[in-house]
Amino acid sequence: MGRLINVANRLPFTIEKEANEIRLRQSSGGLVSAIKSYFENEHQPDNITQKLWMGVADFPQEDWNAVKDKHANLDFDVAPVFPDKQIYSDYYLGFSNSVLWPLFHYFSSLSKNQTSYYDAYVQMNKKFCDELLAIAEPDDIIWIHDYQLMLLPQMLRQQLPNATIGFFLHIPFPSYEILRLLPKEWKRSILHGLLGADLVGFHTHDYVQHFVQSAKMVLGADNYFHNLQYQNRLIRADLFPIGVDVKKFRNAANDAEVLEHRRGIRKNFEDKKIIFSVDRLDYTKGLMDRLNGFEHFLEQHPEWKEKIVFILNVIPSRDEIQAYNERKKQMEEKISTINGKFSSLSWQPLIYRYTHLPFHELCALYQAADVALITPIRDGMNLVAKEYVASCVTQKGVLILSEFAGAASELNEALLVNPTDINDVANSIERALIMPLQEQKNRMVLMQRRLQEYDVVRWVNDFLDQLKETKKEQQKLIVKVIDERVVKNICRHYAASEKRILMIDYDGTLVPIRKTPSEAVPDNNVKELISSLSSDPKNNITVISGRDAETLESWFGDLPITIVAEHGAGLKMKNESWQQMTTVNDQWKEQVRRIMQLFVTRCVGSFIEEKTNTLAWHYRNTQVDLGFTRSRELINNLSQFIQNTALQVIDGNKVVEVRMAGFDKGTIAMKILNETKADFVLCIGDDTTDEDMFKALENYGYTIKIGSKRTSAKYTLLSQQHVLPLLNQLNSCVNTKKHVSS
Ligand code: GDG
């Protein structure tokens, strides 16, 4: 049970002043109606105690003071943010709409990288963060919306590590090639900011992929499909294609006011087919290209003169920004040119309106239109296309939709067009106008069914359910993290035991992972610790690694410890000499090396490491996606090659290894255990190859995995940096005891 706090740039209402009266008007935007419908639905969520909306007020504080007691008629409780005007302008018109908006819509040439804009963006996100911190309660679900607030999730996470934070991006997330155009610090902080959320939602699969790839490329985050690992947290990225309130648009078909309007429109254009579009005035909406396509249609199809009309509604938007107001002029000139060129005394092809339409009028137009021409150059989703489909209750009507709108991935029965290709647009208009009624119906039925299945209520539900699920997943991982209590227990057991085995993996466990294996040399701290631990006669310290025997011998050969090389192919028991656990057979190496060599050529940065019994292809230093893809291909190739041989292929941490089958860290761990008969066993590792020993030792001792990935180990340590302190703590608990008793 908790509150749902929606955080968006704008509040869901405005204040209207008329004569001496001042009142609130709830806005009708997509997000507002989504959340509103969710709560009006018959399956009301019973676990949400309050709906709160935080956003910037577009009115002065005094006006708010005058009306705030009247906000009972709103569907939300509100927490208005009153920013400094200049900062707000640089954040909203500047960074949000002159940097992020154009870039994320692939209009990179319009993106104005100005430092003062970025600074204001940071400040405004910080302001939101402070306001939220002032009201936040532990059970709140904080749902942050859109590109204006991408730093906010991480800012909040720093202060409220356990908070439930969801983020949804309403615009496209561009491909890495576009995102990388941003200055380094900006793109890092944006991705870092988003990864402060528990769940990051997008409209389409492509946007999710782009985001995951960017998080990997820029921040080095790890991923398993849509699950990201970043700074020891699990974050899920997924698609939630926003839906529309289908019922609302259906019901509008029986609304008296809408019906009257619809009749009026149809009467005005009795013998004509109506083409319709409505968009904000925005270069992303493709208005100029649409007009060019329409003009081309009129040129190519004079037979349609006087038989059609194109009602073009444009809503004023962001007109303080030059890139917007310049386009208005161009567009209006184009409209005049088309009307001037094709009109007759009794007909004009284009009816243009530059105004916000009341809802009933919008619905009447949706219902009256024979064709909706929705052709953005880029669009996160495009709700207009979905609203048109939902409004066609008679299933008559054709949607022409840009293939670059997010909605195209769900509405593929629409006539999909490339909005900049005037031939494609013109041909589609013609095709729509002559489409048989039955075909129109067939297409509409399928699209409507899909919209109904994933309407706006499902969208909210789905997002909030997934957010809950992600929290549960994180919890499962967190319960394994070793805490003080567990450490104390381990120490107590350690101190009381007579014979101990400590099996410690090397790379990523005793030392951090480095760019190349040769850089990961044990420093004095590691050597002193292993030396000190091994000086206790009760201890059998085992360094268990995939490294070759020679290297391990050169580092630890002088200490009384057990060393396992190449995952168990080589073994040196404490105070004994090296033994080979498998027959050395080099014949296979030549052919495997040849296959791996091919992959070195095909994947820059990868290299082969040769050990006595193993050949390893490392791809840690390659371009992440390419390295991973190539590793799958290599595994596939090698798996075919090793059929009917005594070899095995190991899929390690950024490494693919081939070695003789029949031994792994699990079998060797059991061998050591059987020979040592210990009453205390602890093993630590970070790699997938360590899972074999975690499984083998499951019932014999403490198994600890480094990192927060899924594991068979009983416990996890969040990072490699915690390993030495833990081992030191064990070491000192007996030393202290000795000290005290002496
Ligand atoms: C962003 C993303 C994504 C429009 N004109 C009037 C009017 N509208 C309503 C429509 C629709 C909404 O505004 C416009 O939504 P869009 O999706 O088309 O576009 P954006 O405003 O750019 O929204 C977009 C969306 O967020 C949701 O995630 O789909 O890609 O850019 O609901 O009906 N409503 C009224 N009169 C108008 O004149 N009453």
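We use all heavy atoms of the structure for the numbers below, so side chains are in, but hydrogens, waters and symmetry mates are not. Start at 1 and go down the list; that is how both ligands and their atoms are numbered.
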Are any of the N/O atoms on [X], whether in the backbone or the side chain, positioned under 3.5 angstrom from an N/O atom of ligand 1?
{"X": "G380", "answer": "yes"}
{"X": "H170", "answer": "yes"}
{"X": "T355", "answer": "no"}
{"X": "L383", "answer": "yes"}

Side chain, backbone, both or neither: [X] near ligand 1, heavy atoms under 4.0 Å:
{"X": "W459", "result": "neither"}
{"X": "K285", "result": "side chain"}
{"X": "L362", "result": "side chain"}
{"X": "V278", "result": "side chain"}
{"X": "E387", "result": "side chain"}
{"X": "W101", "result": "side chain"}
{"X": "I315", "result": "side chain"}

remark   = Note: ligand 1 atoms sitting under 4.0 Å from heavy atoms of Y366 are 33 (O)
ask   = Picking from F297, F294, F310, what satisfies side-chain contact (heavy atoms from CB on, under 4.5 Å) with P349?
value =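 Exactly one candidate clears the test, F294.
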query = Side-chain contact, heavy-atom cut-off 4.5 Å: P316 with Y354?
reply =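 Counting from C-beta outward, P316 and Y354 do come under 4.5 Å.
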Between side-chain atoms of residues 164-172 and protein atoms elsewhere (two or more places apart, or another chain), which donor-acceptor pairs fall under 3.5 Å?
unit_1 : atom_1 : unit_2 : atom_2 : d
H170   : NE2    : H145   : ND1    : 3.0

key: Min heavy-atom dist F104 to ligand 1 below 4.0 Å   =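 Checking ligand 1 against F104, which is what was asked, there is no heavy-atom contact under 4.0 Å.
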ask   = Does one side chain, of E410 or Y454, offer a donor that lies under 3.5 Å from an acceptor on the other?
value =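 Result is no, nothing qualifies.
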task = Check whether the side chains of D90 and Y118 place a donor and an acceptor atom closer than 3.5 Å, and report yes or no.
result = no
key: Greater than 12 external heavy atoms within 6.0 Å of K441's NZ   = no
key: Under the ring pair (Phe, Tyr, Trp, His ring centres under 6.0 Å) test, residues paired with F249 that sit two or more places apart   = F359
key: F240 and W459 aromatic centres sub-6.0 Å   = no
inquiry  = So that I know where these two stand, are Y121 and F95 an aromatic pair - ring centroids less than 6.0 Å apart?
reply    =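 Yes, the ring centres sit under 6.0 Å apart.
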